[in-house]
Asker: 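For reference, the structure I am asking about is given below.
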Amino acid sequence: MPEYSSLEKIRLQKLDELRAEGLEPYPTRAARTHTSAQAIAEFESAEVDGREVRVTLAGRMRSSRPKGKLTFAHIEDGDGKIQLFLRVNEIGEARLEFFNKMFDLGDFIEATGVMMRTKAGEVSLQVLDFKLLAKSVTPLPADKDVTQADGSVIRYASLDDPELRARQRYADLAVNPEVRETFYKRAAIIKALRAFLDDKGFLEVETPILQPLYGGAAARPFVTHHNELEQDMYLRISFELYLKRLLVGNLEKVYEIGRDFRNEGVSFKHNPEFTQLEFYWAYADYLQVMELTEQMVSFTAQHVLGTMKIKYKENEIDLTPPWKRLEMREGIKQTSGIDIAEHKSAEELFQAIKARHPNKTPDPKATRGKLIDFLLSEFLEPTLIQPTFLYNYPRDISPLAKSIPGDALTVERFEGYVAGFELCNAFTELNDPLDQEQRFVEMGRDYAEGDDEKHPLDEDYLRAMRYGMPPNGGFGMGVDRLAMLLLDKHTIREVLLFPALRKEEFE
RNA sequence: GGGCGCGUAGCUCAAUGGCAGAGCAGUGGCCUUUUAAGCCAUUGGUUGAGAGUUCGAAUCUCUCCGCGCUCACCA
């Protein structure tokens, strides 16, 4: 049993009083005839010839201004707010007093009446009858904006503790309309991505989330257990290996939008479960994927925001294709002064970095791939504000990508960067089963050396590939990151309804 | 996991070793066209939890819990 606050006790008392009068505080059905926007639109067209517009509205009470024998109140529904106008003339003193006494901010109520316009000009509902639809026992965090004489707005008591907002997203949504807006737009983004890919002939598929082996990315997995099969299962860390099996099965263009799980740290851009988009496209290469990517992202921006020019933090960003293309080696050379091609071993590269940037030294035990990654994130990444495709990556950090013909050390891979962070990752997919097996073995060795985890070898994936996999381009993008970018949100929490938080203890 | 910071009324915040406060909301009252209105009165606290130092702790110390920032991890 919860410990009720004094405010809650008052509301519980009202619940008892309502029931004592034979009124049901949680009736089963509502009888709404119009939304607030519909009622206002209908009134505005009827107003011209003085027709009466009679409606029943339903919504949550957000404000109440009793003024003697009158009460003004606003209710909010899915379309917005609308004012209720209650007067003793229509409903009598007893009913008005009942309304003022028994109804609280946050209650869901229903009101029937005739649309009218107040002296101040606001289209309102002149209430003839009303009833409670659902009593709110816990007061919503009061959210009150007062506009000062100088035009500045003081916001009293809004809900803005980030923990409370995330933990009690229901209250956050109820009180902060801009949060609702964020999630409407997030849904629109995902819809636009689907529409784009469907239109290009991609087939949406669903592959296992519970997997006997995990793969397709380097991340620690969540482990669970299937009782009846008596085996451990993993929550997927990527879709890649399953989607590429489908290419073996002659499906030429497939995509999946779904949840990935990575048992890693949490940060402003990492949540343990996140939404991923991956597609695989037979007979295409990474250059074609690049073009499709810039089309898809700009299409989504245009669709959701009505423009390809967006703002992120202090930057104006133009997503209009074509995006800048920059060879990774060249970009690192320009920003760090180090040409990775001149330092072919980890040792040499480490010395070069140490010589050139003595106060920014990476881990001396890092592999060459990790050192390149260090240079990339330390020097190059922060400069990539306008959309940029970085392309041609070292083979040793890309075990699933295909080498450039004639250059065994470099693979056909690109990452899309916008606003200084990585948005997507794509490559011409490795489809040579023997080469793939070799890479898996190398990868297993890398992990065995230092890290607390080893990557399992996916024999079934290799078997699939041995049947023959068409050459293809593959793509992966964090949808939450895209949402952050398009909606100018600076933490992943702001675009997730229920971000991961530590378990809450209830008394 | 490491470092730094935060946790006070329903919400947002004051009080830095000396009587725990304000605004909003709540409660009671007045008000027939308000714009989350105004006026009068008023309730509300185990200061995240526990221990310690002190004549005295929201304040200083320690442990724990939760969150934030940051680093590490995350091809």
Side-chain angles (χ1 to χ4, degrees), chain A residues 3-11 13 61-74 76 81 83-90 93 96 101 104-106 116-122 124 126 137-147 153-168 171 175 216-220 237-238 260 262-272 274 363 366-370 372-373 376-377 393-401 411 413 415 422 425 427 439 443 446-447 450-453 455 491 493 501-505 507:
Chain A
E3 186 89 358
Y4 289 111
S5 73
S6 60
L7 300 188
E8 290 169 323
K9 282 175 188 157
I10 290 164
R11 293 187 177 198
Q13 178 64 33
M61 196 149 94
R62 294 307 308 275
S63 70
S64 175
R65 294 177 295 285
K67 204 174 155 13
K69 307 248 182 303
L70 292 182
T71 290
F72 296 91
H74 274 93
E76 184 173 30
K81 289 184 192 172
Q83 183 167 258
L84 304 183
F85 176 71
L86 299 93
R87 223 167 43 153
V88 289
N89 309 39
E90 284 79 33
E93 282 200 38
L96 186 64
K101 262 212 155 65
D104 292 294
L105 302 188
M116 49 92 71
R117 195 180 281 276
T118 63
K119 280 188 186 167
E122 181 167 348
S124 308
Q126 176 146 44
V137 173
T138 303
L140 283 170
D143 181 21
K144 179 167 179 171
D145 292 343
V146 175
T147 308
V153 174
I154 297 178
R155 170 165 285 197
Y156 289 103
S158 64
L159 179 66
D160 70 14
D161 174 354
E163 178 187 354
L164 264 184
R165 286 188 45 223
R167 231 180 245 294
Q168 300 189 29
V175 148
R220 277 174 293 181
I237 58 173
S238 90
D260 266 347
R262 296 188 183 175
N263 206 338
E264 307 281 355
V266 176
S267 81
F268 75 94
K269 54 179 175 177
H270 296 271
N271 195 66
F274 61 97
D363 181 359
T367 60
R368 181 167 180 273
K370 292 226 164 157
I372 291 169
D373 203 49
L376 172 65
S377 49
Y393 277 61
R395 176 194 141 116
D396 47 2
I397 56 170
S398 313
L400 297 162
V411 295
R413 173 181 174 187
E415 291 187 316
E422 181 195 333
N425 181 17
F427 27 88
R439 305 266 197 109
M443 189 166 59
D446 285 349
Y447 276 97
D451 277 309
D452 50 351
E453 86 131 22
H455 243 62
T491 77
R493 254 193 345 249
L501 294 169
R502 217 174 287 269
K503 190 171 83 182
E504 192 175 3
E505 295 295 335
E507 308 277 310

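FYI, side chains are in, hydrogens and waters are out, and symmetry mates aren't considered; it's all heavy atoms of this structure. Here is the naming used below: chain letters follow the sequence lines, and residue numbers restart at 1 for every chain.
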Asker: Mind calculating the distance between CD (A:Gln83) and P (B:U33) to the nearest angstrom?
Answerer: 13 Å
Asker: Identify whether any heavy atom of A:Thr118 sits under 4.0 Å from a base atom; if not, whether one sits that close to sugar-phosphate; answer base, sugar-phosphate or nothing.
Answerer: base
Asker: Identify the nucleotide, in any strand shown, that forms a Watson-Crick or G-U wobble pair with B:G68, with both distances under 3.5 Å; if there is none, say none.
Answerer: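 Base-paired to B:C4.
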Asker: Tell me which nucleotide, if any, is Watson-Crick or G-U wobble paired with B:G56 when both distances must be under 3.5 Å.
Answerer: none
Asker: Can you measure A:Asn271 atom CG to B:C67 atom P for me and round it to whole angstrom units?
Answerer: 13 Å
Asker: Looking at A:Lys269, I'd like to know whether one of its side-chain N or O atoms comes within less than 4.0 Å of OP1 or OP2 on B:C74.
Answerer: no
Asker: Counting only Watson-Crick or G-U wobble pairs whose two distances fall under 3.5 Å, which nucleotide matches B:U16?
Answerer: none
Asker: With rounding to the nearest 0.5 Å, note down the distance linking CG in A:Leu86 to CZ in A:Phe72.
Answerer: 9.5 Å
Asker: Record whether the side chain of A:Glu122 comes under 3.5 Å of the base of B:U33 through a donor-acceptor pair of N or O atoms.
Answerer: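 Counting by modelled atom types and ignoring angles, no donor-acceptor contact under 3.5 Å is found here.
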Asker: Choose from B:G44, B:A36, B:U33 the nucleotide whose nearest atom is closest to any side-chain atom of A:Met116.
Answerer: B:U33
Asker: Please confirm whether the shortest side-chain N or O distance from A:Arg493 to OP1 or OP2 of B:C67 is below 4.0 Å.
Answerer: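 Checking B:C67 against A:Arg493, no side-chain N or O comes under 4.0 Å of OP1 or OP2.
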Asker: How many whole angstroms separate atom CG of A:Asn263 from atom P of B:C74?
Answerer: 13 Å
Asker: Indicate whether OP1 or OP2 belonging to B:C67 is found under 4.0 Å from a side-chain N or O atom of A:Arg167.
Answerer: yes
Asker: Just to be sure I understand the rule, does A:Arg368 reach a base, reach only the sugar-phosphate, or reach nothing, if contact means heavy atoms closer than 4.0 Å?
Answerer: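 Nothing: the residue A:Arg368, judged by heavy atoms under 4.0 Å, touches no strand.
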Asker: Would you say A:Asn271 and A:Arg493 are linked by a side-chain donor-acceptor pair, where the criterion is simply a distance under 3.5 Å?
Answerer: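 On atom types as modelled, these side chains do not qualify, holding no pair under 3.5 Å.
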Asker: Sort out the partner of B:G10 for me: Watson-Crick or G-U wobble, both distances under 3.5 Å, none otherwise.
Answerer: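 Its partner is B:C24 (Watson-Crick or G-U wobble, both distances under 3.5 Å).
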Asker: Side chain of A:Ala218, heavy atoms from C-beta onward: which of B:U32, B:A36, B:C74 has the nearest atom to it?
Answerer: B:C74
Asker: One thing to verify: whether A:Arg117 and A:Glu122 come together as a salt bridge, which I'm taking to mean a side-chain N less than 4.0 angstrom from a carboxylate O.
Answerer: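 Looking at A:Arg117 together with A:Glu122, the answer is no, because their closest N to O distance does not fall below 4.0 Å.
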Asker: Find the distance A:Asp373:CG to B:C73:P and express it as a whole number of Å.
Answerer: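 In whole Å, B:C73 P and A:Asp373 CG are 9 Å from each other.
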Asker: When both hydrogen-bonding distances must be under 3.5 Å and the geometry is Watson-Crick or G-U wobble, what is B:C30 paired with, if anything?
Answerer: B:G38
Asker: Counting the atoms with a prime plus P, OP1 and OP2 as sugar-phosphate, which does A:Asn425 contact under 4.0 Å by heavy atoms, base, sugar-phosphate, or nothing?
Answerer: nothing
Asker: Run the salt bridge (Lys or Arg N to Asp or Glu O under 4.0 Å) check on A:Glu90 and A:Arg87 step by step: do they pass?
Answerer: CA-CA 6 Å; A:Glu90 284 79 33; A:Arg87 223 167 43 153; 2.7 Å; yes
Asker: Could you tell me how far apart A:Glu8 (CD) and B:G45 (P) are, to the nearest whole angstrom?
Answerer: 14 Å
Asker: What's A:Phe85 touching, base or sugar-phosphate or nothing? Going by heavy atoms closer than 4.0 Å.
Answerer: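 Here A:Phe85 touches the bases of the nucleic acid.
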Asker: Quickly work out the A:Glu90 CD to B:U33 C1' distance and round it to whole Å.
Answerer: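 A:Glu90 atom CD is separated from B:U33 atom C1' by 12 Å.
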Asker: When you measure from the side chain of A:Arg262 to the backbone of A:Ile237, do you find a donor-acceptor pair of N or O atoms at a distance under 3.5 Å?
Answerer: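 Yes, A:Arg262 side chain to A:Ile237 backbone: donor-acceptor pair under 3.5 Å.
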Asker: Please report the distance separating the P of B:A57 from the corresponding atom of B:A49, rounded so that it comes out in whole Å.
Answerer: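 To the nearest whole Å, 15 Å.
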Asker: A:Leu501 side chain: which of B:A75, B:C74, B:G68 is closest?
Answerer: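 Nearest nucleotide to the side chain: B:G68.
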Asker: The side chain of A:Pro399 lies closest to which of these nucleotides: B:A75, B:C73, B:C74?
Answerer: B:A75
Asker: Using heavy-atom distances to pick each residue's nearest nucleotide on RNA chain B, tell me which of A:Lys81 and A:Arg117 is more 5'.
Answerer: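 With A:Arg117 and A:Lys81 compared, the 5'-side residue is A:Arg117.
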Asker: Under 4.0 angstrom, heavy atoms only, what part of the nucleic acid is A:Pro394 near: base, sugar-phosphate, or nothing?
Answerer: nothing
Asker: For B:A49, what is the paired nucleotide under Watson-Crick or G-U wobble rules, both distances under 3.5 Å?
Answerer: B:U63
Asker: Given B:A36, B:G26, B:U32, which nucleotide is nearest the side-chain atoms of A:Leu7?
Answerer: B:G26
Asker: Using a distance-only test with no angle check, is there a side-chain donor-acceptor pair under 3.5 angstrom linking A:Gln83 and A:Arg65?
Answerer: yes
Asker: Tell me which nucleotide among B:U70, B:C73, B:U32 gets nearest to the side chain of A:Leu70.
Answerer: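 Nearest to the side-chain atoms of A:Leu70, counting from C-beta on, is B:U32.
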Asker: Going by purine N1 to pyrimidine N3 plus the second Watson-Crick contact, or the G-U wobble pair, all under 3.5 Å, which nucleotide sits opposite B:U43?
Answerer: none
Asker: In this structure, how many angstroms lie between the P atom of B:C31 and the CZ atom of A:Arg87, rounded?
Answerer: 17 Å
Asker: Salt bridge between A:Glu76 and A:Lys81, side-chain N to carboxylate O under 4.0 Å?
Answerer: no
Asker: What's the closest nucleotide to the side chain of A:Lys101 if the choices are B:A75, B:G29, B:U34?
Answerer: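 Looking only at side-chain atoms, A:Lys101 lies closest to B:G29.
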Asker: Scan A:Ile10 against the nucleic acid and name what it touches under 4.0 Å (heavy atoms): base, sugar-phosphate only, or nothing.
Answerer: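 Sugar-phosphate, no base atom in range.
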Asker: Could you tell me how far apart A:Leu105 (CG) and B:A37 (P) are, to the nearest whole angstrom?
Answerer: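 Value for this atom pair: 10 Å.
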